[in-house]
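Inspection log for the structure reproduced underneath, given as structure tokens.
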Amino acid sequence: MAPSGASAVARAEHFVWLTARVLEQRRFAYHFLGGSPDPVEAALAAYLGDDGGYGHALDPDLRGPVSQPLHTAHALRVLDEIGRCRDRRVERVCRYLTAVSTADGALPALHPSLRGYPAAPWAPVTDSPPSDLLATGPVVGLLHRNDVWHAWLFRATDFCWAAIDALGRGAPARPHEVTAAVAFLDGAPDRRRAQAAAERLGRTVREQRLAVLDPTRANGHPQPEHRAPGEYHYPYDFARTPGSVARSWFTDTELERSLDFLAASQQADGGWPIRPHGLGHGGHPRRAWAPSTALECRPMATIEALLILRAYGRAI
């Protein structure tokens, strides 16, 4: 174990070498040890399917070899991290996205091909899954941010705008939907429209108390319907970088308190815990449901926590 007085990164490094998959080891080395992007891409390629999508439990909550939208969304985030989310790599991915899209041109959370393989108990497989903002929003926003243009994006973008416009109108908004909306809005090319939508969503987040603004009082925060015990969201969950459209939703004090809480959440073994709000995994709740998923998710959460802290200039 790393010495108790070591930096957060040094303690996390020990944890990653001890527990992480090769992909997370390579990602950690790239982000924090000056590693090359080539090994990251090579490790990611092990999850690539013949159909252009990604599978093989890249998202640990969905097991089996088949490609899935959530696996592919995670792969795109990794490619984005290393500056390789363009060219033929992404053209191939967009062909897969087109093939698995719903009738209205957006992505389902789960494609029926997952049937018969192990998956988290909160991930039911249906024959005709609906379009899902949680799956579609982050992918569309990321592709726009990388100046990718593909025919698939037109209808998928329209779906995202309509879904975001409906958030919080009538039924209460769900925090996971809001984080997916932010991921879309941060990359949407129509910046004026994105800013207007973000301002409305920010008011919704505060009015519906979707964010815990004082982590020391989280236990007294109202627990919305359909959320697991302890499934709280904090300002950094919505505004993961200072440049996010969600940054203006919170005061400096509120944001700093949440970052203090995030930094203090590093555990004795150097890793961050799996918390129900699902740090860095497309907005879907993370709960340990099998031994392998608990082991695989923690290094992912650890890298995400360190990236958020570094984005805000925290000493790590």
Worksheet entry | ILVMFWY network linking F154 to Y96, side-chain heavy atoms under 4.5 angstrom | no
Worksheet item: Between D260 and R314, is there a salt bridge with N-O shorter than 4.0 Å?
Response: yes
Practice prompt. Please work out whether the ring planes of Y234 and Y232 are parallel, tilted or perpendicular, with thresholds of 30° and 60°.
Written response: perpendicular
Practice prompt. For E177 and L133, indicate whether the former's side chain and the latter's backbone hold a donor-acceptor pair under 3.5 Å.
Written response: no
Discussion item. Could you walk me through whether H31 and E81 satisfy the side-chain hydrogen bond (donor to acceptor under 3.5 Å, both in side chains) test, starting with their C-alpha distance in whole Å, then the side-chain angles of each, then the deciding distance to 0.1 Å, before giving a yes or no?
Written reply: CA-CA 9 Å; H31 286 297; E81 288 176 1; 3.0 Å; yes
Worksheet item: Looking at D59, T72, L23, which one forms a side chain to side chain contact (heavy atoms under 4.5 Å, CB included) with Y47?
Response: L23
Worksheet item: Does L295 share a hydrophobic cluster with W272, counting links as ILVMFWY side-chain heavy atoms below 4.5 Å and allowing steps through other members?
Response: no
Worksheet item: Would you call E24 and R21 a salt bridge, using N to O less than 4.0 angstrom?
Response: yes
Practice prompt. Give the intermediate values and the outcome of salt bridge (Lys or Arg N to Asp or Glu O under 4.0 Å) for residues E91 and R86.
Written response: CA-CA 8 Å; E91 289 179 14; R86 300 187 183 199; over 6 Å; no
Worksheet item: Is the shortest distance from a Lys or Arg side-chain nitrogen in R247 or D186 to a carboxylate oxygen in the other one below 4.0 Å?
Response: no
Fill in: Hphob cluster co-occupancy, Y117 + L110, side-chain heavy atoms under 4.5 angstrom
yes
Worksheet entry | Ion pair check, R77 and E304, cut-off under 4.0 Å | no
Worksheet item: Would a hydrophobic clustering, with Ile, Leu, Val, Met, Phe, Trp and Tyr connected at side-chain separations under 4.5 Å, put F32 with W17?
Response: yes
Discussion item. Looking only at the side chains, is there a donor atom on one of H56 and S67 sitting less than 3.5 Å from an acceptor on the other?
Written reply: no
Worksheet item: Taking the inter-plane angle between the rings of H233 and F238 on a 0 to 90° scale, is it parallel (under 30°), tilted (30 to 60°) or perpendicular (over 60°)?
Response: tilted
Fill in: Test item: R169 side-chain N/O and D165 main-chain N/O as donor-acceptor pair under 3.5 Å
yes
Item to complete: Run the salt-bridge test on D269 and R11 with the 4.0 Å N-O cut-off and return the result as yes or no.
Response: no
Discussion item. Contact between S292 and R63 at the side-chain level, heavy atoms closer than 4.5 Å - yes or no?
Written reply: yes
Worksheet item: Is any NZ, NE, NH1 or NH2 atom of the basic residue among R84 and D80 found under 4.0 Å from an Asp or Glu carboxylate oxygen of the other?
Response: no
Worksheet entry | R192, CZ atom: more than 12 neighbouring heavy atoms under 6.0 Å | no
